[in-house]
Amino acid sequence: MTRYGILIDITRCVGCYACEEACSERWGNPASDVHELSEIRNTAIRQVDEIYVPVQCMHCTDPTCVSVCPVAAFEKTPEGPVIYDADKCMGCRYCLQACPFDVPRYQWHSLNPEVRKCDMCYDRIRNGEKPACVEACPAEARIFGPLDDLIQEAKNRIAADPGMYENHIYGVKEAGGTSVIFLSPKPFERLGMKTNLPEHPLPTLTWAILSKIPNYVFWGSTLLAGIWWITNRRTEVQAYEAALLKLQERENGKNGNNRLSA
């Protein structure tokens, strides 16, 4: 199975926000003037020192969000994208804490909240199409294709114009590698991107602890169920006592009327 990815060349981004608009349209999200990841924005363009920096899910090769999810709501697909199944999600939000790139967002104000993040337009990829953000970019700052080809293209660009680019492809090694990679005209840390990440996959560090989570979830669920039953039972008892009191008052009233009639 071919692994796909996106190469983002920051030197070519002109800040037109066409990618944001295309992403919002694809997800059915409302328009927003806030250019940050949020529960209604899965792709954003930040401006740092007059440079436009695209931000989205990195689609890690070995995703921490997948490893920490106790109900398998996240899945790393063979094609590359990391996708999310809201029907499985229990709202624990471990993924928000675990993501090394601080990507997932939670719908805090929704009555039926979900986690929101880019899925690289997985449905479009499976239909042979490009992700919406890539298709919409007029400056071709984003390229979609087989990940190995994109890495080679990035190397070629650096070799062809070393004065234009930092001699580093962000995402090839960070956190064990990602399916979204970047080229930049400046050091990545100056653009607000994390550069202190290990080169090995993070799940190798967290699994020993997180493997215990299902037990916590079970006992936590049991406790919550017990509290619900006690609360529900208390309400039922109160309703029964109130009905019994009314019945007694009614009977007392009848007895009083019978004595007066006598």
Side-chain angles (χ1 to χ4, degrees), residues 1-10 12-13 19 22-23 26-27 37 42-44 53-69 72-85 88 95 98-104 115-137 140-160 165-184 188 193-195 197-207:
M1 175 67 70
T2 301
R3 279 200 310 152
Y4 293 95
I6 298 175
L7 167 60
I8 298 178
D9 189 335
I10 296 175
R12 300 190 180 191
C13 183
C19 55
C23 181
R26 185 258 175 175
W27 283 91
L37 296 181
N42 297 333
T43 295
V53 184
V55 186
Q56 64 178 71
C57 176
M58 297 291 288
H59 300 280
C60 301
T61 301
D62 192 356
T64 312
C65 60
V66 173
S67 71
V68 302
C69 183
F74 286 89
E75 176 189 352
K76 175 67 174 181
T77 65
E79 296 90 346
V82 177
I83 60 175
Y84 164 76
D85 187 345
K88 294 181 180 179
C95 54
C99 178
F101 300 101
D102 299 326
V103 168
V115 174
R116 285 301 181 94
K117 72 169 201 68
C118 160
D119 66 356
M120 209 190 289
C121 291
Y122 185 55
D123 55 338
R124 292 172 61 94
I125 291 175
R126 296 189 69 182
N127 289 329
E129 302 176 82
K130 299 178 181 179
C133 63
V134 175
E135 188 175 81
C137 182
E140 296 185 349
R142 299 168 183 249
I143 303 175
F144 172 77
L147 183 57
D148 290 341
D149 293 350
L150 297 179
I151 293 174
Q152 187 58 52
E153 173 63 20
K155 291 179 179 179
N156 293 342
R157 292 188 184 188
I158 293 174
Y165 299 103
E166 280 292 300
N167 188 25
H168 179 65
I169 306 170
Y170 189 89
V172 171
K173 294 183 177 180
E174 281 75 10
T178 64
S179 294
V180 178
I181 58 176
F182 288 80
L183 289 176
S184 172
F188 288 97
M193 300 175 73
K194 291 189 175 183
T195 56
L197 298 173
E199 294 185 358
H200 53 74
L202 295 180
T204 59
L205 298 177
T206 59
W207 179 247

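As the structure is a prediction and not an experimental result, all values here were calculated from the model.
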Exercise. Between C65, C60, C57, which is the residue that forms a side-chain contact (heavy atoms from CB on, under 4.5 Å) with F101?
Worked result: C60

Exercise. Is the closest side-chain heavy-atom distance between R3 and T61 below 4.5 Å?
Worked result: yes

Seminar exercise, completed: Here the gap from I143 atom CD1 to D9 atom CG, rounded to the nearest 0.5 Å, amounts to 7.5 Å

For this session: Taking the side chain as every heavy atom from C-beta outward, state whether K155 and V172 have any atom pair closer than 4.5 Å.
Result: no

For this session: Check whether any side-chain heavy atom of P81 lies under 4.5 Å from a side-chain heavy atom of D119, and answer yes or no.
Result: no

Exercise. Is there a side chain to side chain donor-acceptor pair (under 3.5 Å) between N156 and Q152 once you walk through the steps?
Worked result: CA-CA 6 Å; N156 293 342; Q152 187 58 52; 3.0 Å; yes

For this session: Report yes if the side chains of E153 and I181 come closer than 4.5 Å at any heavy-atom pair, otherwise no.
Result: no

Exercise. CG of L183 to CD1 of I169: how many Å apart, nearest 0.5 Å?
Worked result: 6.0 Å

Problem set entry | Shortest non-hydrogen contact from Q56 toward L37 | CA-CD2, 4.4 Å

Problem set entry | Shortest non-hydrogen contact between I6 and L150, atoms and distance | N-CD1, 3.5 Å

Problem set entry | Any donor-acceptor N/O pair, T2 side chain to P146 backbone, under 3.5 Å | no

For this session: List the atom of A132, the atom of A22, and the distance in Å for their closest heavy-atom pair.
Result: O-CB, 3.7 Å

Exercise. Looking at side-chain heavy atoms only, is the closest gap between M120 and E79 below 4.5 Å?
Worked result: no

For this session: Please work out whether the ring planes of F188 and H168 are parallel, tilted or perpendicular, with thresholds of 30° and 60°.
Result: perpendicular

For this session: Would you give the length of the straight line joining atom CD of E174 to atom CG of L202, rounded to the nearest 0.5 angstrom?
Result: 11.0 Å

Exercise. Tell me, do F74 and V68 make a side-chain contact under 4.5 Å, heavy atoms counted?
Worked result: no

Exercise. Is any side-chain heavy atom of C19 closer than 4.5 Å to a side-chain heavy atom of P54?
Worked result: no

Exercise. Side chain to side chain contact (heavy atoms under 4.5 Å, CB included) between K117 and V82: does it pass, once the steps are laid out?
Worked result: CA-CA 9 Å; K117 72 169 201 68; V82 177; 3.9 Å; yes

Exercise. Can you tell me how far CZ of R157 sits from CZ of R12, rounded to the nearest 0.5 angstrom?
Worked result: 3.5 Å

Problem set entry | Donor-acceptor under 3.5 Å (K194 side chain, P100 main chain) | yes

For this session: Without swapping roles, check the side chain of Y122 against the backbone of I83 for a donor-acceptor pair under 3.5 Å.
Result: no

Problem set entry | Pairwise distance CG(L147) to OH(Y4) - rounded to 0.5 angstrom | 11.5 Å

For this session: Find the distance between CG (L7) and CG (D149) and round it off to the nearest 0.5 Å.
Result: 11.0 Å

